[in-house]
Amino acid sequence: VDKARAALEESKDVYIPSVSAGSGLGYSYGFPVGQPSIFNFTSQSLIFNYSQRDYVRAARSALEAANHALKDAREIVAEDAAISFLALDRDTQRQATLAEQAGFAARLVGIVQQRLDAGQDTAIGLTSARLSEAQIRLARLRADDEVAIDQAHLARLVGLPAQALTVSSSSVPAFPVASGEASGVSAASHPAVQAAYATALSKRQIAFGDSRYLSRPQIYFAAKYKRF
């Protein structure tokens with residue numbers, strides 16, 4: 001956006017005279033012989049150009065496209081933060097549920113072991129109970145990894161440390177019920193689509209200005225003053 005705004009200002013500043021100063025003291029040889037000057041001033045600017053108006057419009061459209069692209073980037077980051085928040089909340093609940101299931105599985109292994117010692121169960125039953133406990137332990141390890149990944153990603157988005165970053169399930173609003181009616185939002189109103197249209201319009205205006213640049217007259221202002 002800053003670059004596009006600077007380009008727009010630059011396209012307008014060609015109408016403002018630019019002034020340069022210098023000095024030409026010393027001798028010169030050859031032909032034609034130049035005259036040494038104590039000081040000199042030069043000023044020039046654009047007065048009229050058929051294509052310059054198109055270039056200004058193109059720069060203005062480019063600035064509009066940059067603003068739409070910035071809005072789209074902000075919405076993408078906001079959406080990513082919301083999804084990461086919900087994912088961390090889901091992973092935290094899953095982690096708590098798996099911890100509870102791990103306690104039940106350990107208790108089941110103890111019960112089956114007691115039944116096996118009493119001759120009321122088989123070794124296969126104990127092996128199945130231990131397998132279920134191992135599967136739950138593996139699921140807990142995966143859940144811990146997902147929690148750590150979501151915490152780190154959300155921390156980068158919100159600018160907070162990832163350690164002990166938790167979410168509150170009560171802060172998640174209820175999802176609205178789909179009514180089945182059209183929302184009235186078209187794809188053309190999306191910032192990315194609007195940025196694409198503005199970029200295409202800017203390129204069109206540049207091309208239109210270039211097509212008339214060589215075939216139309218141009219008027220410039222120039223002034224020079226030298227003190228010999």
Side-chain angles (χ1 to χ4, degrees), residues 1-3 64-200:
V1 171
D2 293 338
K3 181 179 179 181
E64 182 181 356
N67 285 320
H68 288 309
L70 177 61
K71 181 181 178 181
D72 181 58
R74 287 174 173 170
E75 290 182 356
I76 290 176
V77 174
E79 180 183 5
D80 191 8
I83 293 176
S84 300
F85 188 90
L86 294 176
L88 182 57
D89 179 59
R90 175 203 60 191
D91 295 338
T92 304
Q93 294 180 5
R94 180 191 300 171
Q95 194 178 37
T97 303
L98 288 174
E100 185 179 3
Q101 291 181 355
F104 294 154
R107 183 180 177 184
L108 178 61
V109 170
I111 293 175
V112 175
Q113 182 66 51
Q114 294 176 2
R115 288 175 57 84
L116 180 63
D117 295 340
Q120 300 295 325
D121 210 331
T122 61
I124 295 178
L126 179 60
T127 303
S128 299
R130 288 177 176 175
L131 178 60
S132 299
E133 183 184 18
Q135 290 175 345
I136 294 176
R137 188 182 304 113
L138 177 60
R140 288 188 65 185
L141 293 176
R142 291 176 177 174
D144 293 341
D145 290 340
E146 292 180 359
V147 168
I149 293 173
D150 290 337
Q151 278 181 340
H153 185 64
L154 184 61
R156 287 194 297 268
L157 291 172
V158 300
L160 295 176
Q163 293 77 10
L165 180 62
T166 59
V167 297
S168 176
S169 300
S170 60
S171 64
V172 179
F175 289 95
V177 180
S179 60
E181 299 178 356
S183 60
V185 179
S186 61
S189 62
H190 194 277
V193 179
Q194 292 179 346
Y197 277 117
T199 301

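Count residues from 1 along the sequence.
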**Message:** Tell me whether Y197 at atom OH has more than 12 heavy atoms from other residues, nucleotides or ligands lying less than 6.0 Å away.
**Reply:** no

**Asked** For the atom pair CG (L88) and CD1 (I83), what is the distance rounded to the nearest 0.5 Å?
**Response** 13.5 Å

**Message:** Restricting to non-hydrogen atoms, name the atom on L98 and the atom on A143 that form the minimum distance, rounded to 0.1 Å.
**Reply:** CD1-CB, 3.8 Å

**Asked** Of all heavy-atom pairs between A66 and V1, which one has the smallest distance, and what is that distance?
**Response** O-CG2, 3.5 Å

**Asked** Can you name the closest pair of heavy atoms from A65 and A198 and give their distance?
**Response** CB-CB, 3.6 Å

**Item:** Electrostatic pair E133-R137, nearest N-O below 4.0 angstrom
**Value:** yes

**Asked** How many angstroms lie between atom CG of D80 and atom CG of L157, to the nearest 0.5 angstrom?
**Response** 5.0 Å

**Prompt:** Just wondering, do T97 and R94 contact through their side chains at under 4.5 Å, heavy atoms?
**Reply:** no

**Complete:** On a heavy-atom basis, the closest approach of L126 and L116 is CD2-CD2, 3.7 Å

**Message:** Looking at every heavy atom in both S169 and Q93, which two are closest together, and how far apart are they?
**Reply:** OG-NE2, 3.1 Å

**Prompt:** When rounded to the nearest 0.5 angstrom, what distance separates CZ in F104 from CD1 in I111?
**Reply:** 11.0 Å

**Message:** Do Q113 and D117 pair up side chain to side chain, a donor and an acceptor below 3.5 Å, judged on atom types alone?
**Reply:** yes

**Item:** Side-chain heavy atoms of V172 within contact of L86, under 4.5 Å
**Value:** yes

**Asked** In Å and rounded to the nearest 0.5 Å, what is the CD to CD distance from Q101 to Q135?
**Response** 11.5 Å

**Prompt:** So which heavy atom on A81 is nearest to which on L154, and how close?
**Reply:** O-CD1, 3.8 Å

**Message:** Within this structure, what is the CD-CG distance for the pair E146 and L141, rounded to the nearest 0.5 Å?
**Reply:** 11.5 Å

**Message:** Quick check for you: to the nearest 0.5 Å, what is the distance between H68 atom NE2 and E64 atom CD?
**Reply:** 4.0 Å

